[in-house]
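To keep things clear, I will list the structure first and then write my remarks on it.
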Amino acid sequence: MTEKTLTNKKHGMLILLLFLLLFAAAIAAIILGAVKGGTLWLLIPGIVVLCIIWVPMMGLKVLKPQEALVLTLFGKYIGTLKGEGYYYVNPFCSAVNPAAKTKLSQSGDVKTSGGDGSAALDSSDTTGKKLSLKIMTLSNNRQKINDCLGNPVEIGIAVTWRIVDTAKAVFNVDNYKEFLSLQCDSSLRNIVRLYPYDVAPNVDTTGDGIADDGSLRGSSELVAARIRDEIQNRVAEAGIEIIEARITYLAYATEIAAVMLQRQQASAIIDARKMIVDGAVGMVEMALERLSQSGMVTLDEERKAAMVSNLLVVLCGNHDAQPVVNSGSLY
């Protein structure tokens with residue numbers, strides 16, 4: 001299905017003026033026919049015009065900026081009206097928009113309610129068949145997905161999209177909003193399962209057979225770009241353009257969040273201990289070197305080992321050292 005834009009239908013104001021003149025003429029004919037004693041050649045045409053004038057007036061259409069109207073005539077697609085203006089089309093044309101009453105968690109389907117600025121679903125009965133060509137943002141529910149290591153993570157995305165082909169959006173899929181939402185969930189699941197939550201060894205996230213440092217937490221821009229491309233490939237037949245996809249929420253699932261937190265804490269403690277030990281060894285080496293250069297004390301290997309042990313205990317301990325003063329001889 002290829003979109004056809006109707007560009008020669010912007011005559012709504014002129015047609016409206018003609019209808020108003022015809023309406024006024026019909027009323028005048030009825031009044032003159034009644035005043036002149038029931039003159040049928042004025043009375044009957046005036047009544048007929050008043051009874052059927054509403055039929056051609058149904059062809060008047062008003063469009064705001066960034067709105068479109070897909071028209072069919074007896075089931076056949078005849079074209080799309082685009083751009084703001086006052087149009088007149090065949091009054092027997094009907095507008096088609098299968099997603100007119102579909103409400104999702106996206107811009108255009110939510111409204112601000114109350115004084116706190118919170119967003120709620122718009123419960124108004126929207127009977128209009130106009131398609132919005134504006135850029136909209138879809139925020140799907142958070143998904144629980146296993147990453148490439150099998151760890152369950154919760155992730156949410158916001159997808160910015162717009163309609164670029166109204167005919168495909170209306171006729172190629174049953175409901176383009178629901179179709180987009182479903183494809184977003186499916187694409188998100190396919191991409192997330194390729195990455196670990198955090199950097200892990202021997203993991204290939206690009207498919208080139210070489211391990212890399214890709215992760216959901218550290219490569220969010222790359223992951224979002226891959227999700228965007230995946231969604232675009234799936235919704236191209238629906239006449240939808242995906243402008244951007246962004247990760248809005250990322251965390252371990254609740255059932256393993258506490259364990260993963262302990263793992264991160266243990267890793268941080270190990271890294272801190274390594275730094276403390278490196279610093280302590282350097283300080284011991286400096287102390288032995290200074291004592292040897294000054295000649296203040298001469299230590300044999302056994303005394304050096306004892307001194308090194310005591311200094312490491314003091315420098316690497318979690319608590320302050322309790323000194324013991326030896327008032328006796330050196331040996």
Side-chain angles (χ1 to χ4, degrees), residues 137-161 180-236 242-286 288 305 308-309 311-319:
T137 301
L138 171 65
S139 180
N140 266 12
N141 295 328
R142 298 173 185 173
Q143 301 293 314
K144 182 182 293 186
I145 307 171
N146 290 342
D147 65 3
C148 68
L149 300 179
N151 299 321
V153 298
E154 292 184 353
I155 186 170
I157 59 171
V159 178
T160 306
W161 65 282
L180 173 63
S181 178
L182 179 61
Q183 297 306 320
C184 288
D185 290 345
S186 177
S187 300
L188 178 64
R189 190 171 298 274
N190 287 342
I191 298 300
V192 169
R193 66 181 179 83
L194 301 177
Y195 288 84
Y197 179 86
D198 213 338
V199 177
N202 302 323
V203 175
D204 175 23
T205 63
T206 58
D208 57 1
I210 302 175
D212 52 68
D213 295 334
S215 66
L216 296 175
R217 189 171 66 90
S219 309
S220 58
E221 294 290 336
L222 179 59
V223 175
R226 294 187 67 177
I227 293 174
R228 183 257 173 206
D229 295 338
E230 179 81 7
I231 299 174
Q232 181 62 71
N233 292 335
R234 292 172 177 265
V235 302
I242 306 300
I243 300 173
E244 188 181 39
R246 290 289 180 183
I247 297 176
T248 57
Y249 180 84
L250 178 63
Y252 280 114
T254 54
E255 56 266 26
I256 68 166
V259 176
M260 289 302 175
L261 178 59
Q262 292 178 356
R263 179 181 177 183
Q264 292 176 356
Q265 290 175 343
S267 178
I269 291 174
I270 292 173
D271 292 339
R273 285 295 180 184
K274 288 181 179 179
M275 185 178 297
I276 291 174
V277 170
D278 290 340
V281 170
M283 294 175 67
V284 170
E285 290 178 350
M286 180 183 65
L288 292 175
V308 169
S309 177
L311 286 176
L312 287 178
V313 169
V314 171
L315 295 175
C316 297
N318 290 328
H319 305 286

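Not measured: the values here are computed from a predicted model. Position 1 is the first residue of the sequence; numbering continues from there.
With salt bridges taken as basic N to acidic carboxylate O contacts below 4.0 Å, none links R226 and E221.
Q232 contributes a side-chain N or O that, together with a main-chain N or O of I242, makes up a donor-acceptor pair within less than 3.5 Å. No donor-acceptor distance shorter than 3.5 angstrom exists from the side chain of T205 to the backbone of Y195, with no hydrogens or angles considered. Side chain of S187 to main chain of Q183: a donor-acceptor pair is present (N/O by atom type, distance under 3.5 Å, no hydrogens or angles).
Pairs engaging residues 180-196 under the salt bridge (Lys or Arg N to Asp or Glu O under 4.0 Å) rule: none recorded [sequence neighbours left out].
Here the straight-line distance linking atom CD1 of I227 with atom CG of L222 works out to 10.0 Å at 0.5 Å rounding. Between the OH atom of Y249 and the CD1 atom of I157 there is a distance of 15.5 Å, given to the nearest 0.5 Å.
Residues A224 and A245 share a closest heavy-atom pair of CB-O, 3.1 Å. Nearest heavy-atom pair, C148 versus P196, reported as atom, atom and distance to 0.1 Å: SG-N, 3.2 Å. S215 approaches Y197 most closely through the heavy-atom pair CB-O, 3.7 Å.
Partners of T206 under the side chain to side chain donor-acceptor pair (under 3.5 Å) rule, at least two apart in sequence or in another chain, are D204, D208. With sequence neighbours left out, S219 forms a side chain to side chain donor-acceptor pair (under 3.5 Å) with no residue at all.
Each of L216, L188, V192, I155 was scored for a side chain to side chain contact (heavy atoms under 4.5 Å, CB included) with I247, with one residue passing: I155. Partner V159 forms a side chain to side chain contact (heavy atoms under 4.5 Å, CB included) with one of C184, S181, S139 and no other, that one being C184.
Side-chain contact between I231 and L180 is present, with heavy atoms from C-beta onward closer than 4.5 Å.
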